[in-house]
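To start, the structure itself, in structure tokens.
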Amino acid sequence: MPGPTDTLPDAMEAALLRNIAEFYQNPALTAQISQCRVTLREYSGCGFFTTLTVPADSPIIISEEQFFGGSDVEAPELSHGAGSVLFIKNGRLDFLEVFAYADGDAAALSSFALLPITPSAGIA
């Protein structure tokens with residue numbers, strides 16, 4: 001996974017964000033995801049937090065919830081996979097969290113596959 005100086009989402013982040021945009025069909029969410037940049041990546045030992053920023057003129061996301069459930073991730077290094085959640089603050093993207101469900105580190109994967117988001121996983 002790239003370090004904090006990269007400004008575009010990496011391959012996994014971009015795929016997770018794309019799935020969230022496609023699942024929720026919220027125009028403001030989709031617009032922000034298409035314009036977001038990474039400002040910080042923090043590694044937790046079992047996953048990571050990616051802090052995001054969007055242009056000031058991006059449309060505001062109107063949602064009762066402050067997060068959107070994302071895709072699960074399958075990878076050889078994760079015996080039980082990983083999950084993802086996109087957090088919103090004041091109508092703007094805040095951060096993407098990716099976390100292993102059991103052993104392994106979702107930040108250190110050789111390859112990955114995303115599972116479809118299910119209505120029970122999705123919030124908003």
Side-chain angles (χ1 to χ4, degrees):
M1 173 173 280
T5 59
D6 297 320
T7 58
L8 292 174
D10 69 16
M12 182 189 300
E13 293 161 344
L16 288 165
L17 292 168
R18 197 169 36 253
N19 276 9
I20 289 170
E22 290 170 4
F23 181 80
Y24 292 100
Q25 296 293 304
N26 177 312
L29 176 66
T30 300
Q32 287 192 27
I33 285 173
S34 72
Q35 300 175 60
C36 74
R37 297 293 180 260
V38 173
T39 60
L40 178 66
R41 289 187 178 96
E42 298 176 82
Y43 302 98
S44 67
C46 63
F48 58 92
F49 299 89
T50 302
T51 303
L52 303 166
T53 189
V54 296
D57 62 351
S58 296
I60 297 296
I61 299 167
I62 306 298
S63 174
E64 300 261 333
E65 303 295 334
Q66 296 302 304
F67 60 91
F68 293 87
S71 297
D72 280 349
V73 179
E74 291 184 333
E77 296 86 355
L78 303 173
S79 62
H80 296 287
S84 64
V85 181
L86 177 63
F87 289 85
I88 308 301
K89 184 175 183 181
N90 299 322
R92 302 200 177 278
L93 301 184
D94 189 18
F95 65 92
L96 176 68
E97 179 182 6
V98 180
F99 50 89
Y101 286 123
D103 58 333
D105 184 353
L109 305 179
S110 59
S111 63
F112 67 91
L114 301 185
L115 300 176
I117 299 174
T118 60
S120 63
I123 303 294

Under 3.5 Å: donor-acceptor pair, side chain of Glu74, backbone of Leu115
no
Side-chain contact, heavy-atom cut-off 4.5 Å: Leu109 with Val73?
yes
Could you tell me the separation between the CZ atom of Phe95 and the OG1 atom of Thr53, rounded to the nearest 0.5 Å?
14.5 Å
Do Leu52 and Glu13 come within less than 4.5 Å of each other through their side chains, counting heavy atoms only?
no
Of the non-hydrogen atoms in Cys36 and Leu93, which two are nearest, and what is the gap between them?
CB-CD1, 3.8 Å
Are the side chains of Tyr101 and Asp72 in touch, meaning some heavy atoms are under 4.5 Å apart?
yes
Report yes or no: does Ser71 contribute a side-chain atom to a donor-acceptor pair with the main-chain N or O of Leu16 at less than 3.5 Å?
no
Of the non-hydrogen atoms in Gln25 and Glu22, which two are nearest, and what is the gap between them?
NE2-O, 2.6 Å
Between Phe68 and Ile20, what is the shortest heavy-atom contact and its length?
CB-CG2, 4.1 Å
Please tell me if the side chains of Thr51 and Val38 come closer than 4.5 Å, counting only heavy atoms from C-beta onward.
no
Mind checking who shares a hydrophobic cluster with Ile62, ILVMFWY linked at side-chain heavy-atom distances under 4.5 Å?
Ile60
Assess whether atom CG of Asp103 is packed by more than 12 heavy atoms of other residues, nucleotides or ligands within 6.0 Å.
yes
Gap separating the CD atom of Gln66 from the CG atom of Asn90, nearest 0.5 angstrom:
7.5 Å
Side-chain donor/acceptor of Glu97 to backbone N/O of Phe87, under 3.5 Å:
no
Flag side-chain contact, heavy atom, 4.5 Å: Leu86 against Tyr24:
no
If you take all heavy atoms of Ile33 and Leu17, which pair is closest and at what distance?
CD1-O, 3.4 Å
Does any non-hydrogen side-chain atom of Val85 lie less than 4.5 Å from one of Phe99?
yes
Short question: side chain of Gln32, backbone of Pro59 - any donor-acceptor pair under 3.5 Å?
yes
From CA spacing to verdict: side-chain contact (heavy atoms from CB on, under 4.5 Å), Leu8, Arg37:
CA-CA 5 Å; Leu8 292 174; Arg37 297 293 180 260; 3.3 Å; yes
Just how far is it from atom CD of Glu65 to atom CD1 of Ile88, taken to the nearest 0.5 Å?
11.0 Å
Closest non-hydrogen atom pair between Val98 and Ser84, with its separation:
CG2-CB, 4.2 Å
For Ala82 and Ala106, which heavy atoms make the closest approach, and how far apart are they?
CB-CB, 4.0 Å
